[in-house]
Amino acid sequence: MNASIYNIRTLVKATAFMLLFLLLAGPVAAQDPPAEKPKEAVSKKYVKNTFESIWLLDNQTVMVPIKGTFEMDILHRFGTMDKGYKDFFGFFAPSNIRLGFSYSPINNLMAGISITKSNMTWEGYAKYAIIKQTKGKGYPVSVTYYANLGIETRTKDNYVHFTDRLSYFHQLLIARKINDWLSLQVAPSISHMNFVNGQFVDTSIVKSGRVQDRKHDHFAIALSGKFKIREGMGILFNYDQPVTKHRTANPRPNLSLGLEVTTSSHAFQIFVGNYYFITPQRNNYFNQNKGLEFNDGKLEHGKQFLIGFNITRLWNW
């Protein structure tokens with residue numbers, strides 16, 4: 001059995017198990033429904049604080065700030081640790097930084113804009129809460145849709161047309177708060193890169209003209225969660241698995257683990273992981289940092305982890 005078939009089968013099994021677990025897991029602890037009321041007086045009560053932030057390390061969460069919330073995000077990624085003391089385990093290596101601002105004009109909708117150092121990428125993004133998990137009978141999970149448009153503004157001769165600078169990302173976030181201590185999320189996604197030719201071409205198979213070695217669309221899936229240690233503090237974990245197979249330069253999976261500290265208006269996350277680009281479609285499409293991954297049924301370990309942190313600040317107007 002070759003590696004690609006093994007990885008896809010393993011991914012399908014893991015995803016099916018996660019979805020089944022989210023749907024069948026027991027009700028949220030300490031959130032029993034109130035005493036019976038006449039049916040016409042009963043209203044839905046939604047589960048609160050599935051996650052404490054819109055970010056879960058390198059991915060979004062199902063959470064959307066309430067109407068009138070303005071948010072500022074600062075995300076930072078150092079270099080990989082594999083060079084050791086030479087660049088002090090990545091701290092003095094070239095870093096990547098993102099500055100973002102978002103606002104919730106109505107309930108269940110957030111929209112924002114950001115700029116990321118890597119390729120001077122501007123992003124416009126939006127997130128909408130489609131379904132919210134309810135207490136007792138109702139919806140067993142929360143479902144949120146996230147979309148992102150990236151525009152690379154660096155100077156580069158390879159960009160012939162403006163549309164070559166564009167990329168897109170769509171993700172469906174499905175999460176369940178299992179109890180007061182544990183929340184889990186599964187998130188399938190698709191990344192689309194307008195510019196492929198000229199970046200990835202295998203000259204060994206070129207017969208006439210140029211051969212496109214990379215597909216424009218790339219599917220992936222993320223499995224994430226939070227374990228609450230105490231009020232305002234939790235452990236976060238995340239795994240991103242690429243699904244689409246390209247002819248060359250297949251992206252590597254991302255594994256990240258971190259600590260989150262929160263207040264009513266701040267969230268701070270510090271972690272180690274493999275993703276460097278911050279922009280979600282670039283992370284999923286281009287990541288070549290090797291951490292932990294399976295090849296031919298064997299677990300392989302790389303040293304290309306990096307330290308990152310996320311800081312968010314909220315204002316309610």
Side-chain angles (χ1 to χ4, degrees), residues 11 15 51 53-64 71 73 75 77 96-104 108-130 142-154 159 162-175 185-196 199-200 214-224 238-246 249-254 256 273-289 308 310 312:
L11 175 64
T15 304
F51 296 101
S53 170
I54 67 169
W55 287 99
L56 201 165
L57 307 180
D58 290 299
N59 279 286
Q60 292 281 324
T61 70
V62 292
M63 305 304 292
V64 176
E71 179 166 343
D73 305 332
L75 280 62
R77 305 292 183 266
N96 194 19
I97 305 168
R98 175 188 182 273
L99 180 63
F101 301 92
S102 62
Y103 183 69
S104 298
N108 303 324
L109 176 65
M110 177 194 81
I113 188 171
S114 68
I115 183 170
T116 301
K117 175 184 173 183
S118 179
N119 286 9
M120 290 299 290
T121 305
W122 284 91
E123 299 170 48
Y125 53 92
K127 187 160 67 168
Y128 184 76
I130 302 171
S142 296
V143 179
T144 298
Y145 170 68
Y146 175 76
N148 177 301
L149 165 65
I151 305 175
E152 297 183 13
T153 61
R154 62 173 175 167
Y159 294 133
F162 173 77
T163 53
D164 293 339
R165 300 178 179 273
L166 303 181
S167 62
Y168 308 87
F169 183 77
H170 300 272
Q171 189 171 44
L172 193 64
L173 305 147
I174 307 167
Q185 177 175 283
V186 58
S189 67
I190 179 171
S191 303
H192 178 87
M193 311 299 293
N194 273 2
F195 185 62
V196 175
Q199 286 188 330
F200 297 95
R214 297 275 290 186
K215 300 173 183 177
H216 288 279
D217 296 320
H218 178 82
F219 291 91
I221 192 162
L223 306 176
S224 314
N238 180 76
Y239 179 74
D240 295 270
Q241 174 64 50
V243 177
T244 301
K245 295 298 179 182
H246 305 271
N250 280 306
R252 295 185 180 278
N254 168 57
S256 50
N274 304 119
Y275 275 169
Y276 171 80
F277 295 111
I278 302 179
T279 303
Q281 55 267 46
R282 300 196 73 229
N283 270 337
N284 280 276
Y285 195 89
F286 292 115
N287 179 54
Q288 291 297 317
N289 291 332
N310 301 334
T312 62

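Note that the structure is a prediction, hence the values are computed from the model and not measured.
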Undergrad: Do the side chains of Ile221 and Val186 get nearer than 4.5 Å, heavy atoms only?
TA: yes

Undergrad: Does any N or O in the side chain of His218 come within less than 3.5 Å of the main-chain N or O of Ser191, such that one atom is a donor and the other an acceptor?
TA: no

Undergrad: If you look at every heavy atom in Asn287 and Asn289, which pair is closest and at what distance?
TA: OD1-N, 3.3 Å

Undergrad: In the structure I gave you, are the side-chain heavy atoms of Tyr128 and Val64 within less than 4.5 Å of one another anywhere?
TA: no

Undergrad: With rounding to the nearest 0.5 angstrom, report the OG1 to CG distance, Thr312 to Asn310.
TA: 8.0 Å

Undergrad: Considering only heavy atoms from C-beta outward, does the side chain of Gln185 approach that of Ser142 to under 4.5 Å?
TA: no

Undergrad: Go through it in stages, so that I can follow the logic: the residues are His192 and Gln281, the test is side-chain contact (heavy atoms from CB on, under 4.5 Å), and I'd like the CA-CA distance, side-chain angles, deciding distance and then a yes or no.
TA: CA-CA 7 Å; His192 178 87; Gln281 55 267 46; over 6 Å; no

Undergrad: With heavy-atom distances below 4.5 Å as the criterion, would you say the side chains of Met193 and Phe286 are in contact?
TA: yes

Undergrad: Tell me if a side-chain donor or acceptor on Thr244 pairs with a main-chain N or O of Phe219 at a distance below 3.5 Å.
TA: yes

Undergrad: Quick one, Lys127 with Leu173, criterion side-chain contact (heavy atoms from CB on, under 4.5 Å). Give me CA distance, side-chain angles, the key distance, then yes/no.
TA: CA-CA 10 Å; Lys127 187 160 67 168; Leu173 305 147; 4.2 Å; yes

Undergrad: To the nearest 0.5 angstrom, please state how far the CG atom of Leu149 sits from the OG1 atom of Thr279.
TA: 11.0 Å

Undergrad: Are Asn59 and Gln171 close enough, and set up right, to give a side-chain contact (heavy atoms from CB on, under 4.5 Å), and what steps lead you there?
TA: CA-CA 10 Å; Asn59 279 286; Gln171 189 171 44; 3.4 Å; yes

Undergrad: Say whether, by atom type as modelled, one donor and one acceptor occur between the side chain of Asn108 and the main chain of Ala129 under 3.5 angstrom.
TA: no

Undergrad: Counting distance only, does the side-chain N/O of Asn238 pair as donor-acceptor with the main-chain N or O of Leu57 below 3.5 Å?
TA: no

Undergrad: Say whether, by atom type as modelled, one donor and one acceptor occur between the side chain of Arg214 and the main chain of Tyr285 under 3.5 angstrom.
TA: yes

Undergrad: So do the side chains of Thr144 and Tyr146 get within less than 4.5 Å of each other, counting heavy atoms only?
TA: no

Undergrad: Could you measure the distance from the CG atom of Asp58 to the OH atom of Tyr239? Nearest 0.5 Å is fine.
TA: 14.0 Å

Undergrad: Here's a test for you: under side chain to side chain donor-acceptor pair (under 3.5 Å), which of Asn274, Asn283, Asn254 qualifies with Asp240?
TA: Asn254

Undergrad: Main chain of Arg77, side chain of Asn96: is a donor-acceptor contact present, judged purely on distance under 3.5 Å?
TA: no

Undergrad: Would you compute the distance between atom CD1 of Ile115 and atom CD1 of Ile151 and round it to the nearest 0.5 angstrom?
TA: 11.0 Å

Undergrad: For Trp55, is there any backbone N or O sitting under 3.5 Å from a side-chain donor or acceptor partner on Ser53?
TA: yes

Undergrad: Would you name the heavy atoms of Pro280 and Glu123 that are closest together and state the gap between them?
TA: CD-OE1, 3.9 Å

Undergrad: Looking at every heavy atom in both Gly100 and Ser114, which two are closest together, and how far apart are they?
TA: CA-CB, 3.6 Å

Undergrad: Mind checking the OG1-CE spacing from Thr153 to Met120? Nearest 0.5 Å is all I need.
TA: 5.0 Å

Undergrad: Between Pro253 and Pro242, which heavy-atom pair has the shortest distance, and what is it?
TA: CA-CD, 3.7 Å

Undergrad: Enter the distance from Ser102:OG to Tyr125:OH here, rounded to the nearest 0.5 Å.
TA: 4.5 Å

Undergrad: May I ask you to decide if Lys245's main-chain N or O and Lys215's side chain share a donor-acceptor pair within less than 3.5 Å?
TA: yes

Undergrad: Do Phe169 and Arg282 come within less than 4.5 Å of each other through their side chains, counting heavy atoms only?
TA: no

Undergrad: Flag the pair Ile54 / Asp73 as yes when at least one side-chain heavy-atom distance between them is below 4.5 Å, and no otherwise.
TA: yes

Undergrad: How far apart are the closest heavy atoms of Ser189 and Asn284, and which atoms are they?
TA: OG-OD1, 4.3 Å

Undergrad: Ignoring hydrogens and geometry, is there a side-chain-to-backbone donor-acceptor pair from Asn194 to Thr163 under 3.5 Å?
TA: yes

Undergrad: Flag the pair Met110 / Tyr103 as yes when at least one side-chain heavy-atom distance between them is below 4.5 Å, and no otherwise.
TA: no

Undergrad: Walk me through it: do Tyr145 and His170 pass the test side-chain contact (heavy atoms from CB on, under 4.5 Å)?
TA: CA-CA 8 Å; Tyr145 170 68; His170 300 272; 2.6 Å; yes

Undergrad: Between the main-chain N or O of Glu152 and the side-chain N or O of Arg165, is there a donor-acceptor pair closer than 3.5 Å?
TA: yes

